[in-house]
Structure formats: structure tokens, C-alpha cells
Trainee: 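I have a structure here, written as C-alpha cells, and I will follow up with some questions on it.
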Protein chains: 2
Amino acid sequence: MGLIVVKAEALMRAISCSLLILTSCLVALDAQTKYIVFTYAKKASYKDLNSLPVLVYIDAVAAAYNFFQLCKCSIRPCCGGNKSELLPSSHRKFLYLEWVCFLLDQVAVYIVFGATVSATQGSMLAMTGSKVLQWMKLCDRYTRFCMQIGGALLCGYAASISMGVLSSISAYNLFRLYSPTKFLQSKS
Amino acid sequence: MGLIVVKAEALMRAISCSLLILTSCLVALDAQTKYIVFTYAKKASYKDLNSLPVLVYIDAVAAAYNFFQLCKCSIRPCCGGNKSELLPSSHRKFLYLEWVCFLLDQVAVYIVFGATVSATQGSMLAMTGSKVLQWMKLCDRYTRFCMQIGGALLCGYAASISMGVLSSISAYNLFRLYSPTKFLQSKS
């Protein structure tokens, strides 16, 4: 029965990994050159806005993390496996592993979500500009560039949602090991 | 024993509520007027940047949500209480309530965290400007205004962390009710 959870977790990790790689690539490979005068070319790239390179690096690291967890789960179904056959000593070890899994997943989802929101806010300012702050808008000039960033951000949000589901799965894997009546006491 | 969890939850909700109100007030009451020429005054307020009013509204709503949950918990310790004395039918009702608690807490923490990150990104751009995008920086003119926003954002992150801990507590309250071996089967 624990196999359903293991399969769901592996599927969500594979989806998250793909979406994170897609986001990184879409942002990092985005560039558009515009000729303002015939001889003077100006190039827009993801490095123009601080938050976009940060998104590329964070999503790459998060993809690697999810891939590592996926490999670990496929070699030895440690996460969400059936604990009823375990000896008390290995049960305790698995409990620590579940705590590490849970905390890492929590940190990962908040960092990925934060990086995506930050990139969205930067891009929104680049799209709308700010009259009060005398910031000019840029997306009327680099339309294709901005469209691709928009697509990347949508992928980023999809990845955040799937990682959010993953963090709930790891919370389920961890907390179901505890007694419903006694405070933080596991059932071994 | 379940009382420890109820107390911890009530404490975290009170802390979150206070920090969220503090953040809202610090941002909303922040304003600075500078005289550029003797007769011409220019005022910086939180409405200059789109993401700051959004932060004020979201933090106010989240504070109200946490206050509501705090009242509910103090009237009747539904969250994290001792379920061992419950009848099977009311156990089922409590399970639904725990699911609602868990999902609302998850949504709340992501929205508050997202609004805080978004405001940080906007404020960072206002502080550093962008040479490539020809955006000028503003914080050398409105120093006190920017310092207060910085303090508010720190409070916002503290609130996000305490709401993150709250979402883990509600995950613990929910998932410890499930069997460690059988998939999504509760122990009644």
C-alpha cells in the first residue's frame, strides 16, 4: 500500500525536475537584439535584471536536488515505503531520514517559489514601468524576449506547485509515523 | 499530551498575527517629503511601488485569518486536541476540519511569503536602480523611508517563518491521524 505514495512521490519529483530544467533553459537561452539605428544594436538578455540569473541558478540546483532524490527513491524506496517490517533500530534511522527529507523539501519549495515571485515582480516592472519613479517600460521594444520570460515564469509556478505537493507528501510520510494521541511519540 | 501542540499552535498564531499587523502598519504609515526646490515638495509613499500596497492588504487579511483561528482554538481546542476520546462519527468530522486547517495554512503561508518577496524585489530595485534599464535609484534621496520599509520587510519574513512553522504544526495535526502502513487510512 505504501507503494502508491512512493510512486506518487517519484512521479511528482520527475515532473518538478523537468519543469525546473525547462524554466532554467527558457530564461537562460532568452535573448533579443534590436537595431535602434541601422548600425547600433542593443541586446536584451536575462542578465539585465538581477532576479533572472538568480532564478536560473536556483532552478538548476533544485532540479539537481529533485533528480538526486528521485535516484535515491528508485534505488531504495526509503521515502514513503512500508515501515511495518522494520526493526526498531532501523525504524529510528528511517525517522531521522524522513525528517531530513521533510526539512529539505520545505526549504527547497520556499526558495524556488521565492525566486519565481522575485523574477515575476522584476519582469512586471520591466513590462509596466513606473511613472512615479520615472522608470520606462521595456516590453514594447523587446516583445518576443518578454513573451519567453512569461512562459518560463508560468513553468516556474507549475514547478512550485508540484514541489508544494511534494512537501505535503513528505510531511505525510513523516507525521503518519507519530502517535495520534501522544506528543511526538512514534509507533515502532 | 495534545495540549502541548495546542499551546504551541496558539503561541505561533499570536506571534504571526502581531508580526503581520506590525508589517502592515510599518509599510502603510511610511511616508517622507523632500523639498527639491524651496517651493516644490515631493512625497514618497508606499503607493509609489505596486507591490507595497499589495503587501499591506495581504498581511492585514492574513493577520485577521490567524486571529480568527486563534479565537477558534481558544474557544474549543479543535486543532491538535486529544482525539482519543472522540466517537468515530465526530472523529471523521475532525479529520475534515484538520484538512481544511492544513490547506488554509498552506495557502496563507505561500501568499504571505510571496507578497513579502515581491515587495523585497521591488524595494531592492528602488534601492539599487538599474544601469542597463536606465532606472534611477531612489533611496539616496528618501533614506528614512527606505529604512522603515526595510524594517517592515524583516518583520514580514519573521511572520512568514512563523507561519511556515504553523503549517508544519497543522500538517502534524492532520497526518498523525493516518495509519503508518495503510494508504490514507485513519486510525479511529
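A, B, ... follow the sequence lines: proteins, then strands. Residue 1 opens every chain.
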Trainee: Is there a side-chain contact between A:Leu55 and A:Ile58 (heavy atoms, below 4.5 Å)?
Mentor: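 They are not in contact (no side-chain heavy atoms under 4.5 Å apart), so the answer is no.
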Trainee: Quick check on B:Phe102 against chain A: is it the side chain, the backbone, both or neither that has a heavy atom closer than 4.5 Å?
Mentor: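 Only the side chain of B:Phe102 comes within 4.5 Å of chain A.
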Trainee: Using a cut-off of under 4.5 Å on heavy-atom pairs, state which of A:Ser168, A:Ser118, A:Ala171, A:Gly164 scores highest against chain B.
Mentor: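 Top option by heavy-atom pairs under 4.5 Å: A:Ser118.
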Trainee: Side chains of A:Thr120 and A:Tyr157: donor-acceptor distance under 3.5 Å anywhere?
Mentor: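 A:Thr120 vs A:Tyr157: donor-acceptor pair found between side chains.
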Trainee: Assess the residue pair B:Tyr178 and A:Phe175 against the criterion (ring pair (Phe, Tyr, Trp, His ring centres under 6.0 Å)); give the C-alpha distance rounded to whole Å, side-chain angles, the decisive distance to 0.1 Å, and a yes or no.
Mentor: CA-CA 9 Å; B:Tyr178 285 100; A:Phe175 293 129; over 10 Å; no
Trainee: Given a strict heavy-atom distance threshold of 4.5 Å, which part of A:Ser167 is in contact with chain B: side chain, backbone, both, or neither?
Mentor: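 Answer is side chain: those atoms of A:Ser167 sit under 4.5 Å from chain B.
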Trainee: Answer yes or no: is there an ion pair linking A:Asp105 with A:Arg13, defined by an N-O contact shorter than 4.0 Å?
Mentor: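 Yes, A:Asp105 and A:Arg13 are salt-bridged.
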